[in-house]
Amino acid sequence: MLEFGNETLILNHDAMAEGSHFRPDADMTDVAWKLVASNLSDLAAKGAEPIGVLVGHCLNPDNTGFVKGLREALEAFDVKLLGGDTIATEAQRVFGLTAIGRATHTPVPARGGAQLGNAIYVTGTLGRAMLGYEGDPRHLHAFNRPIPRLREGRALAPHITAMMDVSDGLLLDAHRMACASVDAAFELESSAIPVADPPRTDECLRWGDDYELLFTAPPETSLPVEATRIGTVTAAGLAALWLDGEALTDPTSLGYQHG
């Protein structure tokens with residue numbers, strides 16, 4: 001965050017690397033779209049309104065496709081391209097993007113701040129990106145062209161106590177929120193969590209790439225968006241995260257871990 005006059009600017013930067021975030025044969029229009037969407041999702045979690053983006057573009061055999069996807073995403077989310085840089089390399093392709101937004105509420109939502117007795121909520125349905133990655137035609141868009149919850153983030157900002165986007169798996173991100181909050185543990189109920197493939201609930205909760213919003217709020221709060229209550233914030237104890245009464249004490253097993 002950057003205080004600038006009467007405004008609070010939110011800045012976020014993420015990168016996508018060939019082999020880790022997209023396949024070598026991926027459609028570059030989708031890669032560009034996802035690069036934009038994943039960064040805007042972080043702005044959504046701050047309740048921010050996007051201002052523009054800076055793009056680091058690695059020249060590749062399908063530059064036209066990348067530019068097309070970039071244009072489509074910027075138009076879809078009404079975001080301006082402010083600049084960036086282009087490089088040529090024979091190594092694996094890596095693309096970076098910096099998203100700049102304007103906070104719409106003070107205090108700006110943060111992942112820390114969950115309070116004892118708060119209800120835990122999530123937007124949307126988890127596991128759709130996993131199924132899309134596996135080739136399920138019903139969910140291809142969820143993996144290739146996710147939609148950041150910008151409108152929902154701005155609407156929720158005045159009502160929540162903590163919020164972040166679900167990018168590395170619900171369980172791992174819930175663990176991060178609990179650890180970032182003071183004297184808080186998250187107790188989740190798997191039967192309450194909306195998943196795209198109930199027989200594979202555990203995988204849906206760990207796979208990631210969903211870009212939904214995970215947030216906490218007083219249980220009596222009248223929410224301005226559709227969301228599902230999936231648990232309760234309790235006092236910190238043996239573990240920061242519990243699922244169906246079982247303590248999950250190994251964060252490395254909960255979701256996608258960056259190197």
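Just so you know, these numbers use all the heavy atoms, side chains as well, and skip hydrogens, waters and symmetry mates.
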With hydrophobic residues grouped by side-chain heavy-atom distances under 4.5 Å, do [X] and [Y] end up in a single group?
X	Y	result
V195	L248	yes
V225	Y211	no
V94	I87	no
L171	M164	yes

Would you say that more than 12 heavy atoms from the other residues, nucleotides or ligands in this model lie under 6.0 Å from the [atom1] of [X], or not?
X	atom1	result
R71	CZ	no
D244	CG	yes
E49	CD	yes

Quiz item: What closest approach, in Å, do G127 and D210 show between heavy atoms, and which atom pair accounts for it?
Solution: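 Heavy-atom minimum between the residues: N-OD1, 3.0 Å.
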
Quiz item: Which heavy-atom pair separates R149 from G124 by the least distance, and what is that distance?
Solution: NH2-CA, 3.5 Å

Quiz item: Which one of L214, D197, L205, T201 satisfies the side chain to side chain contact (heavy atoms under 4.5 Å, CB included) criterion with L126?
Solution: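 Testing L126 for a side chain to side chain contact (heavy atoms under 4.5 Å, CB included) against L214, D197, L205, T201 leaves exactly one candidate, L205.
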
Practice problem: Scan for ring-ring contact (aromatic ring centres under 6.0 Å, His included) pairs involving residues 163-194, sequence neighbours excluded, and state none if there are none. | Solution: none

Quiz item: To which residues is L43 joined in a hydrophobic cluster, defined by side-chain heavy-atom contacts under 4.5 Å among Ile, Leu, Val, Met, Phe, Trp and Tyr, whether direct or through other members?
Solution: M1, I10, M16, F22, M28, V31, W33, L35, V36, L40, V53, V55, F66, L70, L74, F77, V79, L81, F95, L97, V108, I147, L150

Quiz item: Does W242 sit in a hydrophobic cluster with other residues, and if so which ones, taking ILVMFWY side chains as linked at heavy-atom separations under 4.5 Å, directly or through other members?
Solution: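 Besides W242, the cluster holds L238.
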
Exercise. Would you confirm whether T104, through its side chain, and G47, through its main-chain N or O, come within 3.5 Å as a donor-acceptor pair?
Key: yes

Are [X] and [Y] close enough for a salt bridge, meaning some N to O gap below 4.0 Å?
X	Y	answer
R206	D202	yes
R128	D209	no
D25	R23	no
E72	R145	yes

Quiz item: So how far is it from K46 NZ to D165 CG, rounded to the nearest 0.5 Å?
Solution: 10.0 Å

Quiz item: What's the verdict on side-chain hydrogen bond (donor to acceptor under 3.5 Å, both in side chains) for E187 and T232, showing C-alpha distance, side-chain angles and the deciding distance?
Solution: CA-CA 5 Å; E187 293 195 7; T232 302; over 6 Å; no

Report, one line per pair, each donor and acceptor closer than 3.5 Å where one atom sits in a side chain of residues 111-123; sequence neighbours left out.
residue : atom : partner : partner atom : Å
N118    : OD1  : Q115    : N            : 3.0
N118    : OD1  : T161    : OG1          : 2.6
T123    : OG1  : E212    : OE1          : 2.6
T123    : OG1  : L213    : N            : 2.9

Quiz item: Considering residues at least two apart in sequence or located in another chain, which fulfil the side-chain contact (heavy atoms from CB on, under 4.5 Å) criterion with P224?
Solution: A155, L156, H159

Quiz prompt | Contacts of type side-chain contact (heavy atoms from CB on, under 4.5 Å), residue T106, not counting sequence neighbours | solution = none

Quiz prompt | Side-chain heavy atoms of N12 within contact of T98, under 4.5 Å | solution = no

Quiz item: Can you find a pair of side-chain heavy atoms, one from S167 and one from D42, that are under 4.5 Å apart?
Solution: no

Exercise. Mind running side-chain hydrogen bond (donor to acceptor under 3.5 Å, both in side chains) on S38 and D14 for me, showing each step along the way?
Key: CA-CA 8 Å; S38 61; D14 275 333; 5.0 Å; no

Practice problem: Go through the steps to decide whether D173 and L254 satisfy the test side chain to side chain contact (heavy atoms under 4.5 Å, CB included), and finish with yes or no. | Solution: CA-CA 9 Å; D173 288 329; L254 299 180; over 6 Å; no

